Every structure is written in structure tokens, then in C-alpha cells.
Amino acid sequence: GLVQSQNVARQSDARSEMAVMGETVRAATPEIRMIRTAQAMVATLANTVLPFIEDPEGCIRVMAAVAAQEPSISLAAYVPMSGLMTCASTGKPFDFSNHPIFAEVSRLDHPGLVVNPRGPVSGTSVLVISHPVLDAGGARIGFVSISLPHLALNNAHISEDHLGETREPVALLTFDSDGKILTSSTSLEDAPLRLPASIPLKALATGEAQTFSGKAVSGNRRVFSVVPIADGLSLLGIWAADDKLTLFGISIGPYLFPLLMWLS
């Protein structure tokens, strides 16, 4: 009876883990869709903006047209290696040359995602999605970027919540391969408290889906589900753990019935 109960418990845990992964992806679908759409936009802009670089008015029109396709975008822009932005969806120039985010993004020779706690143009916390721009000879001359405010990402999640008794996570986070938090359904300041206490976030950026339970940094017991959603981008769903009868940290619920039979 003990062996059978153990096997049933293992099968039940495996089904629960798959269900949590599915619920994590479902809950984050609006946010994932918005990020992927922005990634596709910057990739297209990087390949088409070159003829407009010497035409400031035309370049501004292109960026404004792209931003108009997604109301959540706070800024779409081309930034040369000098850091002086004159081509932006807002139509306003800005000098990024001394900004730390510019130094980080301008070094990238591949598409990237960077968090700016306070965007200099929007004034709010934004996720910057960038793509390098190459000239005809293949040299990097700048980059195009799209800024998505964290508030817009959170609102996308809230607006598409399913009605009824659908279970919702405690928090949804996206993070990069370096373990840096990019977005959070809660405030970015509180996000570190919700992470697993025993495993660093970078160790979870393996590109493999996994689900496990444990204590969060805050001390609460949680179920964590990691799902890769793009190259260098992973999703972490944090769920409230079910209350289980435990002894020395081991769940004894499945073994109660055969134990009671043995005692009787």
C-alpha cells in the first residue's frame, strides 16, 4: 500500500507540474505577445531604416507609424553611435550619450532587452527592446529601440485575465540569461523578495522548462515554474503552494491511509 501510494503521489505531482507550467504560460500570454511583437518590430525597423537616416523628417514619420501600431509603445527611435537621437516617434531629440542605458545597449551586436528603471523620455520604468543597425558594409552605426512601459505590460496581463475561478499566480517575472529581471507583474522593487531562496535566477536560465517548490526569499512557501519563451528570455511563474500535511519536510498525506490501515 505504501509503494502504491508513493507511485500515485509521483504521478499526481508530475501532472500538477505540467498543469502549473500551462497555467504560467496562459497567465503570461498577453505579456509574451507584446514583447514578441516589439521584437519583430525592431527587427523590421533595423532592416528598413537605413534609407531614412539622412532624412530626419522621413525617419520620424516611420517611427511614429510604428508606434501607432501598438498604443503601449512609449518610444520608437533610431539612435546613432554618437548617442544623439533625432529620429523618434515623439518627434523630440534627446542626447543619450551620457546615459548608462545607452552605453549598455550600444555595445550589443545582437538584439537585446534592457530594463531602464526610469526612462529619460517616458519618465517611467520601461523595457527597452533593441536591435543593431548595420550600414552597407556591415559596420554597426547605431540601433533602433522600442520602449514598453512596465505599467502597459501589467495592464495587458490584467485586461486579458480569464473570468471565473481561474487560478492566478502570485507573480510573473521575465528574466534574461544573466539572471536579470526584465519585467514583473508586481513592482520591480518587490520582485527580488519573490524569487527562490535556494536557487539563483541565473541558474534557472538554462533554456529548460522546470517546476519545483520551495521557499521564496520572503520566507513564504511557493511553487516556481520556469518556461523559456525566446532566446535568452525566460518566464518565471510564482504560485501559492498548497497546504500539505508534512513531517520533517516530507508530505505524508498520500501515506496516511495505508498507515492507518496498518495501525488498525
Side-chain angles (χ1 to χ4, degrees), residues 5-6 8-32 35 113-118 124-127 149-151 153-158 161-162 165-229 232-256 259:
S5 297
Q6 187 178 38
V8 170
R10 286 175 178 170
Q11 294 173 6
S12 176
D13 288 344
R15 286 193 297 269
S16 297
E17 289 178 2
M18 293 302 296
V20 169
M21 284 185 186
E23 284 298 294
T24 298
V25 174
R26 178 202 62 77
T29 293
E31 184 176 338
I32 295 171
I35 292 173
L113 297 96
V114 178
V115 173
N116 191 347
R118 185 173 178 81
T124 62
S125 177
V126 294
L127 176 66
H150 280 101
L151 182 60
L153 292 167
N154 292 346
N155 288 343
H157 164 68
I158 294 170
D161 276 350
H162 291 201
E165 298 299 321
T166 304
R167 185 185 178 196
E168 293 299 328
V170 173
L172 286 170
L173 309 175
T174 59
F175 60 98
D176 62 18
S177 56
D178 293 324
K180 184 176 181 180
I181 297 173
L182 298 175
T183 66
S184 172
S185 61
T186 61
S187 67
L188 286 174
E189 292 77 11
D190 293 340
L193 296 175
R194 304 179 186 277
L195 299 179
S198 59
I199 305 176
L201 203 55
K202 186 175 181 178
L204 299 176
T206 60
E208 296 181 2
Q210 56 180 304
T211 298
F212 60 94
S213 60
K215 282 190 176 182
V217 173
S218 63
N220 296 317
R221 185 165 181 82
R222 300 297 188 205
V223 176
F224 303 96
S225 182
V226 182
V227 182
I229 56 178
L233 182 63
S234 299
L235 172 68
L236 174 64
I238 304 170
W239 301 80
D242 295 331
D243 292 331
K244 294 181 178 181
L245 186 60
T246 60
L247 184 64
F248 304 117
I250 301 173
S251 176
I252 61 173
Y255 309 106
L256 279 179
L259 285 172

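The shown structure was predicted, so the numbers you read here are calculated from the model rather than taken from an experiment.
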Salt bridge (Lys or Arg N to Asp or Glu O under 4.0 Å) pairs touching residues 195-217, sequence neighbours excluded, are none
If you look only at distance, which donor and acceptor atoms sit under 3.5 Å apart when one is on a side chain in residues 170-177 and the other is two or more places apart or in another chain?
{"from": "T174", "atom 1": "OG1", "to": "T183", "atom 2": "N", "distance (Å)": "3.2"}
{"from": "T174", "atom 1": "OG1", "to": "T183", "atom 2": "OG1", "distance (Å)": "2.5"}
{"from": "D176", "atom 1": "OD1", "to": "D178", "atom 2": "N", "distance (Å)": "3.0"}
{"from": "D176", "atom 1": "OD1", "to": "G179", "atom 2": "N", "distance (Å)": "3.2"}
{"from": "D176", "atom 1": "OD1", "to": "K180", "atom 2": "N", "distance (Å)": "2.9"}

Spatial distance of atom CD1 (I238) from atom OG1 (T186) [nearest 0.5 Å] | 7.5 Å
Contact summary for [X] and [Y], nearest pair of heavy atoms:
X    : Y    : answer
L236 : P196 : CD2-CD, 4.4 Å
A216 : R194 : CB-O, 3.9 Å
S234 : A205 : OG-CA, 4.4 Å
S184 : A191 : OG-CB, 3.8 Å

Under a 4.5 Å cut-off applied to non-hydrogen side-chain atoms, are I199 and F212 in contact?
-> yes
Minimum side-chain heavy-atom gap I35-L182 below 4.5 Å | no
